[in-house]
**Q** 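Dropping the structure in here first, questions after.
Counting convention: from 1, in listed order, for ligands and their atoms alike. Because only heavy atoms are used, hydrogens play no part in the values below, and waters and symmetry mates are left out as well, while side chains stay in. Counting begins at 1 with the first residue of the sequence.
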Amino acid sequence: MGKTYKIAVMPGDGTGPEVVEEGVKVLEAAAGKFDFTLDFTEFDYGGDRYLSTGEVLPENAVSELSKHDAIFLGAIGHPDVKPGILEKGILLSLRFALDQYVNLRPVILYPNVETPLKDKGPEDIDFVVVRENTEGLYAGAGGVLKKGTLDEVAVQESINTRKGVERCIRFAFEYARKRNKRKQVTLCGKTNVLTFAFDLWERAFYEVAKEYPDIKTDYAHVDATCMWMVKNPEWFDVIVTDNMFGDIITDLGAMIQGGMGIAAGGNINPDGVSMFEPIGGSAPKYTGKNIINPLAAIGAAQMMMDYLGEPEAAVAIENAIRYVVADKLESLSAGKMGYGTAEVGDLVASAV
Ligand code: IPM
Ligand code: MN
């Protein structure tokens, strides 16, 4: 008899519940095939709960979620709630409270998927972004003075700790070794302007690099990183960067791999509870129409199985995604797949 994993499921807002349902379907198929058990517990954290209770997260949310082996999240963001409340109150709060210090975002172009990059194919677009996930501009440091007056001052500071930066960089080097592809880590920064923060990053980067003589190092400013991601994506293997830059370049990454419909990520605490999510938002305009692409959520489920130590299940899910994308779907865009959300889930589940 295989292991049992306790999974906290947070469908969240908008299309979150629809895509999570397909992820769970595929996970069940993998569990049946590879002889492990998934024990799902659903949590209703999100916009609707906030609108009815006035509470973003209940007091015991972190302790309840911590009792699980992993968290599977749909999407956070509700059209009737002012931007920022749910994002900060739920998503960022959990990333911070659970110390999920890496946001791991693969950028992989699967065969037969259209990329906006001319003359680039799957052999060129296969890298992963290791985004620092608990510090930087996201830490919430700063404040406002004289709000609403002509003398208003707003300060938003980027927090970079040696410990936070170093553990993220070390994760990136370990990941490059484990990936065993080009064996290269690129630091994406802005050492020419952000001379305090990225000086720390740069020193930590080259010090950690000494422990990994088998891994090549490279550096690119964030603006140039955007340029190379479009012009020469094949140069990248693992990119490590701070929270804000990582947020920005992974949206670009999602586009070159075929769109938000396929972009998955994991908020990782290697010593704690990690949270896996499709990186696109709650897509209110597609909600409830059975047209949203569930593959990003299914990809997040795949990353979760890998992280939980079921690599065979992860590979089976990845192969099933590849097969469905290459042989079945007309497009990865919502409403243009040639199938509904639930049918895409069925196709992947039966391929597993
Ligand atoms: C992401 C999202 C979040 C972020 C938002 C919703 C707070 O854009 O996961 O990339 O900025 O991290
Ligand atoms: Mn983002």
**Q** Is any NZ, NE, NH1 or NH2 atom of the basic residue among Glu207 and Lys210 found under 4.0 Å from an Asp or Glu carboxylate oxygen of the other?
**A** no
**Q** Could you tell me whether the side chain of Ile262 reaches within less than 4.5 Å of the side chain of Val325, counting heavy atoms only?
**A** yes
**Q** Write out each pair where an N or O from ligand 1 and one from the protein are under 3.5 Å apart, with the distance.
**A**
| from | atom 1 | to | atom 2 | distance (Å) |
| --- | --- | --- | --- | --- |
| ligand 1 | 8 (O) | Asp247 | OD1 | 3.3 |
| ligand 1 | 9 (O) | Arg95 | NH2 | 2.7 |
| ligand 1 | 9 (O) | Arg105 | NH2 | 2.8 |
| ligand 1 | 10 (O) | Arg105 | NH1 | 3.1 |
| ligand 1 | 10 (O) | Arg105 | NH2 | 3.1 |
| ligand 1 | 10 (O) | Arg131 | NH1 | 3.3 |
| ligand 1 | 10 (O) | Asp247 | OD1 | 2.9 |
| ligand 1 | 11 (O) | Tyr138 | OH | 2.6 |
| ligand 1 | 11 (O) | Asp247 | OD1 | 3.4 |
| ligand 1 | 12 (O) | Arg95 | NH1 | 2.7 |
| ligand 1 | 12 (O) | Arg131 | NH1 | 3.3 |
| ligand 1 | 12 (O) | Arg131 | NH2 | 2.8 |

**Q** Hey, mind stepping through Phe205 and Tyr219 against ring-ring contact (aromatic ring centres under 6.0 Å, His included) and telling me if it holds?
**A** CA-CA 10 Å; Phe205 181 73; Tyr219 172 82; 8.0 Å; no
**Q** Does any part of the side chain of Met303, heavy atoms only, come nearer than 4.5 Å to the side chain of Pro106, both counted from C-beta?
**A** yes
**Q** Checking Phe34 against Phe36 for the ring-ring contact (aromatic ring centres under 6.0 Å, His included) test, could you report, in this order, the C-alpha distance in whole Å, the side-chain angles of both residues, the deciding distance, and whether it holds?
**A** CA-CA 6 Å; Phe34 296 101; Phe36 56 86; 7.2 Å; no
**Q** Under 2.8 Å from the Mn ion (ligand 2), protein N/O/S atom count?
**A** 1
**Q** Taking all heavy atoms of Asp13 and all of His78, pick out the closest pair and write down the distance.
**A** OD2-N, 4.0 Å
**Q** So if I apply the side-chain hydrogen bond (donor to acceptor under 3.5 Å, both in side chains) rule between Lys190 and each of Asp223, Thr195, Thr241, which one comes out positive?
**A** Asp223
**Q** To the closest 0.5 Å, what do you measure between NZ (Lys82) and CD (Glu87)?
**A** 11.0 Å
**Q** Any salt bridge linking Lys120 with Glu234? Criterion: basic side-chain nitrogen under 4.0 Å from a carboxylate oxygen.
**A** yes
